[in-house]
Structures are given as C-alpha cells and as structure tokens.
Amino acid sequence: MCGIVGIVGKSDVNLALYDALTMLQHRGQDAAGIMTCDNGKLAQQKAVGLVKDVFRTRHMQRLTGNMGIGHVRYPTAGASGPALAQPFYVNSPYGIALAHNGNLTNTEKVSQDIFKDDLRHVNTDSDSEVLLNVFAHELAVQGKLKAQASDIFAAVEGVHKRVQGGYAVVAMIPNYGVIGFRDTMGIRPLVFGERKTESGTEYMIASESVSLDVLGFTLIRDVAPGEAIYVTVDGKLHTQQCAENPVLRPCIFEHVYFARPDSIMDGISVYKARLRQGEKLAEKLLRERPDHDIEVVIPIPDSSRVAGQAMAHTLGVKFREGLVKNRYIGRTFIMPGQQQRKKSVRQKLNPIGLEFKGKNVLLVDDSIVRGTTCQQIIQMARDAGAAKVYFASAAPAVKYPNVYGIDMPTSAELIAHGRTNDEICTEIGADWLIYQDLDDLTSASGEGNPAIESFECAVFNGEYATKEVDTAYLANLESKRGESSKVVNLNQGNNAMVGIHNDN
C-alpha cells in the first residue's frame, strides 16, 4: 500500500505536496518522492526514508512549479532501495512521470508485451514502471504532436484493457497537466477536490481525503472505478469514464487497517465503519460468551482504538489505554523483515502495569495477520500481571494472500491459514479468541454507503476480484516470494535487496 498525490495550483505546489505526503505517511514508510514541473522543466527529489528525512530546504527550493505529483512507498514483497522510489519517468511521448498505489496481477505478461510488441525497456522489477510504460505506449499510439484530453482518456482506456489488478495512479505530463485514474473495480482508493483562491481554482488528487482536508481543499468526490481525471496546467478539469464495465468493489482492508479514521472513502467514514466493527464484534461476544468476566478493554494502538471504544461501550465495561506507543517506531505490519518486525514490537509498545495487574483483560486489535505481534503483546500483558488475557480481532481471520497491494503474498506467513480458531488461540497464547464475522465486517462498511454491492475481501474468503488469480497463480507467487526471501536473507549483511519487487 502506498500514498499518492497530485496537485495543479496557481503558484508553487512543493510545500503542499510535502504536507500532503506527510498526511499520507501511514500508507508507506520505505521511501518518498516528489516531482514538479515549472514551465515544462521537471525537478525531482526521491529517496529511501520518511518524508521528513527525504526532503530538505535545498530540495524544496528547486522543486518549483505550479503542478506536481508525490508518492510514499510501501514495498509489498519486502524489497527496498533508492531505485524503487517513485515517481518514475519516461521521456517519450511528451515526458511522463507516474506514481502508483496498488499491485498488478498480470505483470509478467504485460512486461513481455512491452518488450516484444511495444519495443520499450523497463529498468526495474517494479510493476509501477510497467504501468508507466503501458500508459506511455498507449498515449504514443494516438500519434498526436499535441495531445488533447480525448487522447489522454483513450490512453487510460488502453491501460485498463491491458493490465489487471488494483491500482490508483497519478501522472504528470510537462506543459499538459496532471492525470489521475483508478482500476476498473476501484479496489485502491482515489479522491479529488478543489480549493478556491483569488487566482482561480486549484485541484488535488490523493489516496485519502484527509490530505485534502488539511490543505483546505474541498472534497468533490471519489474517482469512480475506471474513471480518469485530467487537470490541465492552467487549471481546467476534465473527467471521463474510460472502462467498459466498471464495478465498484473497494478493498475492505482499508477500513480495517490502512486508512486514517478521519478519511472518507467511497462515501464511507472510516471512523464510523470502525465504530460499527466494534459494536458488531461486541454483540457477537455477548451471544457467544454472555457470562464473560472481562474487566477492562484495552486497544492495541492505533488502528484498533475506535473499535475498542465501541466494544467497551457495548459490553458495558471499562475502556483503558493500557499500552503506550512509541511514535518514533514504524508500523510493524509494514516492516519488510520478520526479525525486524519482532524486535520492533517491544520497542513500539510498553504496558502500563496498573491497567493489567490482577485483571481479566480483553485486548482488541484491528486484525491478526502473521500472529507475531499479538503473540508478543499477549505475553506483555501477562508479564504486566494480567490474570487472564482475551483477544478480539475486529476483522475476520486472514487466511489467504493479498495480491492487490498489501504485504500478505503467501499463505505460509498467515497464522490463520489451515488453522482452527482454537489452534490460533493456542498459538498466540490467549485464554480465548474471538474474530469478527465477515458478514458483520462488510455490513459495518456497507452501512456507510448502501450503493456499494460488494467489497474486495479475498484475504478473508479467497474470492479474488480478478479472474487470472487462481491456484496456479498463487502457487507461482508463493514460489517467487520464497526465492526472493532466500536471496534477501543471504545478502542482508551488505544491505543488498534483490528479488521480486511488486510495488505498493
């Protein structure tokens, strides 16, 4: 999962892009990048690291221009390095820069087509660079010396016909403008908004609405699945549906974990969705354990806090912040190495002994993926003196790999794959464990926008939104992941990161 932003303003947009990426930092902490355009001249700064570390005053001084795009990167396959920081750029046609959130599921086939048919060279293993070259080729075949909006939309239509998977994109063409588009099922999120100034209207495209809010932009709406947004350098807005049969099927894991609670996605308040998750999970707990002896509900910060509050209120028990988070440690789910993830949990969270000692505690987390983090936190609770430790997951059991841009590529890494709930409970060391039901999870989100008929829930039910993802596809992916991990482990001593690099 990554964060993307594009702005067309009436003055320099460098500081606005920086602020927007800071608001999207939760979506990726591996690398960051900004590219701006000033009278047809491009300037770029990108590197491995957090937004605050990648951009210095000297960089901002040369990132001039009234339009630009930015990116914060999260590597799905554990790969890292400066060469994979975005935006990416190709000089033909017109010069195109592109940043991408998501993951293509037919990267290998498209890569071969790019080389054999389009006669284009891809320099990295990133599917984002593949996507950029597809868009560039589809724009080139329009054959125009000066492209019109209709040519750009035709190129996006060509992209939709050639690539599969989940993707949200911002692209910039010097002297033309900024383009944003979303996959034909809207798996990955994308919104756009406007800001009125004395000089005219400014437009912004971003992964989450929170970045618009902070910069004073008014949310217009979500980019529809398959739709493209084109804002010219002089501030004219063009929109067009570029897919034949678009169907909205957004990723429900955004509501579970990734998105900020103050964001609105596809008309759904993430905060309200998480409140409903907690209420529904508490109702299930009361049905299954009406005589529970829970004395206190403690959330595992931060993404489970809202659901935990709703659970405590519905159960009629105390809610306490029993775990203190170190804000200077990154999100453990996003960290590429399992050993690094294990080490960071102890650095990241510290229990308040008074809230645990002698009590029956219900720990609430947004989900259980690998199980390593919750296992250590449960042990922390016991070490702090808890009499009993119960565990609640606001999401159902994660049993299947994700192929649309979340770091869950193999079933072997998922604690729930092939295990019963009792076995998982034993594995993580809880006294008992309760999971959210999938119907309740989708209802918690769906109540926010009844027009959405279904969500992308493959990590829970194994029903993938794109037809090419089958048993053979997943087996092949798992094999590559294993080989990649071996190479990375062999080279960790000299910081070499080699292998499959499916971005975002």
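Model, not experiment: these values are computed from the prediction.
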Any side-chain heavy atom of N326 sitting closer than 4.5 Å to one from N350?
no
One should read off an interatomic distance between L414 CG and N402 CG, to the nearest 0.5 angstrom, of 10.0 Å
- [ ] Scan side-chain atoms only and decide if E413 and T410 contain a donor-acceptor pair under the 3.5 Å cut-off.
- [x] yes
Got a donor-acceptor contact below 3.5 angstrom from the E254 side chain to the I187 backbone? no
Q) Can F192 and Y203 be said to form a ring pair (Phe, Tyr, Trp, His ring centres under 6.0 Å), step by step? A) CA-CA 7 Å; F192 71 104; Y203 290 96; 7.5 Å; no
Original post:
How about V270 and I264: do any of their side-chain heavy atoms sit closer than 4.5 Å?
Top reply: no
Check your understanding: Looking only at side chains, do Q61 and T57 share a donor and an acceptor under 3.5 Å apart?
Key -> no
Run the salt bridge (Lys or Arg N to Asp or Glu O under 4.0 Å) check on D118 and R120 step by step: do they pass?
CA-CA 5 Å; D118 301 349; R120 302 184 72 94; over 6 Å; no
Verify, without hydrogens or angle tests, whether D222 (side chain) and A224 (backbone) share a donor-acceptor contact under 3.5 angstrom. no
- Do T218 and E194 have side-chain N/O donor and acceptor atoms under 3.5 Å apart? no
Does the salt bridge (Lys or Arg N to Asp or Glu O under 4.0 Å) test come out yes or no for D266 and R221, once each step is laid out? CA-CA 8 Å; D266 297 303; R221 59 178 174 84; over 6 Å; no
Practice task
Could you tell me whether the side chain of D12 and the main chain of N14 form a donor-acceptor pair under 3.5 Å?
Solution key: no
dist L42:CG -> C37:SG (nearest 0.5 Å) comes out at 5.0 Å
ask   = Are Y271 and S263 close enough that a side-chain donor and a side-chain acceptor fall under 3.5 Å?
value = no
K196 to F217 six-membered ring, cation-pi geometry met (6.0 Å, 45°) = no
May I ask you to check whether E129 and T124 show a side-chain donor-acceptor distance below 3.5 Å? yes
OG of S111 to NZ of K116, rounded to nearest 0.5 Å, is 11.5 Å
- Parallel, tilted or perpendicular: which fits the ring planes of Y74 and F258, with parallel below 30° and perpendicular above 60°? tilted
| query | Would a distance-only check, ignoring hydrogens and angles, find a side-chain to backbone donor-acceptor pair under 3.5 Å from Q44 to M35? | reply | no
task: Say whether, by atom type as modelled, one donor and one acceptor occur between the side chain of H59 and the main chain of R56 under 3.5 angstrom.
output: yes
Rounded to the nearest 0.5 Å, the CG atom of D183 sits from the CD atom of Q164 at a distance of 9.5 Å
For E244 and P246, indicate whether the former's side chain and the latter's backbone hold a donor-acceptor pair under 3.5 Å. no
* Would you check, one step at a time, whether the test salt bridge (Lys or Arg N to Asp or Glu O under 4.0 Å) holds for R195 with E202? => CA-CA 5 Å; R195 181 172 65 182; E202 300 178 315; 2.8 Å; yes
If we ignore hydrogens and angles and just use 3.5 Å, is the side chain of K10 paired with the main-chain N or O of D234 as donor and acceptor?
yes
May I ask you to check whether T64 and D38 show a side-chain donor-acceptor distance below 3.5 Å? yes
Going by atom types only, do Q148 and S150 share a side-chain donor-acceptor pair under 3.5 Å?
no
Would you mind reporting whether L349 and V324 have side-chain heavy atoms less than 4.5 Å apart? no
Minimal heavy-atom distance between S211 and A20, with the atoms involved, is CB-O, 4.0 Å
(request) Decide salt bridge (Lys or Arg N to Asp or Glu O under 4.0 Å) for E468 and K109; before the verdict, give the C-alpha distance in whole Å, the side-chain angles of both, and the deciding distance to 0.1 Å. (result) CA-CA 11 Å; E468 74 284 350; K109 179 183 184 305; over 6 Å; no
Do the side chain of S445 and the main chain of T442 share a donor and acceptor less than 3.5 angstrom apart? no
Can you find a side-chain donor-acceptor pair between H26 and Y257 that sits under 3.5 Å?
no
Query raised in the report: CG of N39: more than 12 outside heavy atoms within 6.0 angstrom?
Result: no
Distance col, row N101:CG vs R73:CZ, nearest 0.5 angstrom, shows 12.0 Å
dist N449:CG -> F455:CZ (nearest 0.5 Å) comes out at 7.5 Å
(Q) Taking E227's backbone N and O only, do any of them form a donor-acceptor pair with Q240's side chain (distance below 3.5 Å, no angle check)? (A) no
Notebook entry, point to check: Using the benzene-type ring in the case of Trp, are the ring centres of F460 and Y400 under 6.0 Å apart?
Noted result: no
- Message: side-chain hydrogen bond (donor to acceptor under 3.5 Å, both in side chains), that's the test. Do H160 and T184 meet it? Break it down for me.
- Response: CA-CA 7 Å; H160 290 326; T184 60; 5.8 Å; no
_Please check: side-chain N/O of Y404 versus main-chain N/O of A465, any donor-acceptor pairing under 3.5 Å?_
yes
Quiz item: What's the verdict on side-chain hydrogen bond (donor to acceptor under 3.5 Å, both in side chains) for D366 and S303, showing C-alpha distance, side-chain angles and the deciding distance?
Solution: CA-CA 6 Å; D366 54 79; S303 49; 2.5 Å; yes
